[in-house]
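Below you'll find the structure, written out as structure tokens, and then a few comments.
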Amino acid sequence: MSTTLTAEQLGHLRHFDNLSRQLPNDWSLMQGKGTNQEDFGGYRFQLAYMAYALALTHRHRLPAAPGLFQPIIQRLIDKIMHPEAWMYWRDVSRGGSVFNAHLVDELGEQWDPVVRDNIMYSAYVQSMALLHDYLFDSDRYVAEGSLTFGYWSFFWGGEPRRFAYDRDSLNEHIYWQMVGSGYLGVACEPNCVFQICNQPAILGFRLHDLITGGRRAEEVVAGYEQAWRDFGRLDETGRYNMMVLRDSRQVLPNARQLAWVDAWCGALMNMWNRDFVRANYPRQVADLVHRGPAGTLSVAASPPQEVMGQTVVSDTCDFGWVAAWASEMGDETTLRGLLDHVDQFMDPTWREGGLYYPRNDTGTDPDGNRVEMEPMTGNVLLGYARLNVPDGLWGLYNQPWDRAHFAEPALTAVDRNVEISRAEVVDGVLHTRLRRVPGLPGDGAVTISRLTDRWTASVDGQPLDLPVHDNLVLPCPSQARTFTFRRHP
């Protein structure tokens, strides 16, 4: 897709980069209402979907700029490996909720965050590592122990805990968990097999196949289809069934008609089940969006859930997931209306060149317009929706790059203060639009590699008096300019 990124899209990319650069255990702007990283606004989800948004942008919008995306995704993987992102599992693994309280005596405390269940974390580590190695033709996460979970505390942790995996061993482990379930899926919390949370694992299997030449994704999808046929993917109202309880085989529908259930599941499942998702989308989304002033659209927040006499405090991220879903469906009217709403009512904020929507726990303004904003939506999902393209995940899954892509000219190193609004090779010609951003650290340069043979350069259509060679370091101007690199015939 030939494109030049807008100021807002560039702002979201910059915000992802800024968050990725925060010091270890600095989660500024990322803490939501929930506690203990148990809910759907947790750090792991924010980190994973930032990586997904970056992958989609690289694949569909800036395919010749690996040097921009690779370091950010590496930093996000480093962060999702941090104990703060997965330590919740030590407690959640023991059970005790309404869905697994009867299993408490047989479960016990589990420190390894991927060894059983917890697909709502393990599949993101799996797919992020495989995204990195697929997109950048890399073996970074092949090395034994390259995905190692470790924890030690001076005060109470006892002996160090260390659980070593890599992209292949983790993929293998999740695959056999999937097989052991009869392809129904791996549980998130103990006993709870969500449709949504198994979609990232399927993406991971597909990426592993693309790297290795395997066919496990095809096998898993076929088995998954058969397993869920017994329960029905949709409930009697036409909404996605939320989950199956593993021991009783009881299916739990989307009884409260939660927007995030349909939107999240539909946005991800489109990558391998497009016809089904698209057939149900118009009717499902029509019940979720509401018209506001001046053509804006909104999504009502899910009402708080009451369980065992307690109010569950969590971030559901309904608004953000409907926006992400609309982007994957190519529903420009709905997406535009939602984005118009957030820009008018939800305090778009620029920080260090990055665009985000800050947390706001207030439900509506005095006129009844929704203003509530969770970090998962404001940091990640609205940027994801703006950067995605119609069928973005479907294209990533079904239209892989061939080997020739990795031999084409590309921007392989990018200073922090460089803005790239275009980077693609069209008919053998590299086109890139660059600008040096004031006020940020860096030398304002990019490195352009794979310029073999004889090449000439131009800027805004005028010849550039520049000796062109492989690994060319190109200083960027303070105003955005388009550089073109063309091979001599």
Side-chain angles (χ1 to χ4, degrees), residues 31-42 45-46 49 92 96-101 120 188-189 192 194-197 234-245 250-267 280-281 283-293 296-326 334 337-338 341-342 344-347 357-382 385:
Q31 178 62 58
K33 295 192 295 291
T35 58
N36 301 326
Q37 296 304 302
E38 294 169 353
D39 75 344
F40 298 134
F45 296 108
Q46 294 185 57
Y49 285 97
V92 173
S97 80
V98 293
F99 302 122
N100 53 40
M120 63 181 174
C188 299
E189 307 92 65
C192 302
F194 280 76
Q195 285 205 83
I196 292 166
C197 296
L234 302 179
D235 63 24
E236 61 183 14
T237 69
R239 317 207 79 82
Y240 286 100
N241 278 318
M242 185 164 60
M243 66 176 172
V244 170
L245 299 182
Q250 177 187 356
V251 63
L252 299 187
N254 186 6
R256 300 173 65 225
Q257 297 195 356
L258 305 172
W260 63 266
V261 175
D262 290 320
W264 195 351
C265 193
N280 290 282
Y281 171 78
R283 173 181 45 79
Q284 291 169 330
V285 79
D287 295 335
L288 302 179
V289 296
H290 309 282
R291 296 197 176 279
T296 61
L297 295 174
S298 184
V299 179
S302 298
Q305 188 175 10
E306 300 290 331
V307 178
M308 300 172 65
Q310 304 293 317
T311 300
V312 178
V313 178
S314 65
D315 287 340
T316 59
C317 314
D318 294 297
F319 199 115
W321 275 117
V322 173
W325 191 24
T334 298
L338 295 170
H341 179 96
V342 299
Q344 185 170 341
F345 298 110
M346 292 180 165
D347 192 23
Y357 298 81
R359 173 180 166 177
N360 184 354
D361 292 358
T362 302
T364 62
D365 66 14
D367 296 321
N369 300 302
R370 180 174 178 177
V371 295
E372 182 182 8
M373 177 61 64
E374 320 92 342
M376 176 65 176
T377 295
N379 285 331
V380 184
L381 291 177
L382 294 174

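The model shown is predicted, which means the values in this text are computed figures rather than measured ones. Residue numbers start at 1 and run along the sequence shown.
Separating the SG atom in Cys265 from the CZ atom in Arg239 is a distance of 12.0 Å, to the nearest 0.5 Å. Once rounded to the nearest 0.5 Å, the distance linking CG of Asp315 with CZ of Phe40 reads 11.0 Å.
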Side chain to side chain contact (heavy atoms under 4.5 Å, CB included) between Leu382 and Met373, worked out: CA-CA 11 Å; Leu382 294 174; Met373 177 61 64; 3.9 Å; yes

The test is side chain to side chain contact (heavy atoms under 4.5 Å, CB included); show your working for Thr35 and Val313 and say whether it passes. CA-CA 8 Å; Thr35 58; Val313 178; over 6 Å; no

Audit row: Tyr240, Asp235, side chain to side chain contact (heavy atoms under 4.5 Å, CB included) steps and yes/no: CA-CA 6 Å; Tyr240 286 100; Asp235 63 24; over 6 Å; no

Go through the steps for Asn360 and Asp347 under the test side chain to side chain contact (heavy atoms under 4.5 Å, CB included), then give the verdict. CA-CA 9 Å; Asn360 184 354; Asp347 192 23; over 6 Å; no

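Checked against ring pair (Phe, Tyr, Trp, His ring centres under 6.0 Å), Trp321 has the following partners two or more places apart in sequence or in another chain: Tyr49, Trp264. Judged as a ring pair (Phe, Tyr, Trp, His ring centres under 6.0 Å), and not counting sequence neighbours, the contacts of Phe345 are His341. Judged as a side-chain contact (heavy atoms from CB on, under 4.5 Å), and not counting sequence neighbours, the contacts of Gln250 are Leu245, Ser248, Leu252.
Within 6.0 Å of CZ in Arg291 there are 12 or fewer heavy atoms belonging to other residues, nucleotides or ligands. Annotation for Glu306: atom CD counts as buried by contact number, over 12 foreign heavy atoms lying within 6.0 Å.
No donor-acceptor distance shorter than 3.5 angstrom exists from the side chain of Asn254 to the backbone of Met242, with no hydrogens or angles considered. In this structure, the side chain of Glu38 does not engage the main chain of Val92 through any donor-acceptor pair within 3.5 Å.
If you run side-chain contact (heavy atoms from CB on, under 4.5 Å) between Phe319 and each of Val342, Val289, Leu288, only Val342 comes through.
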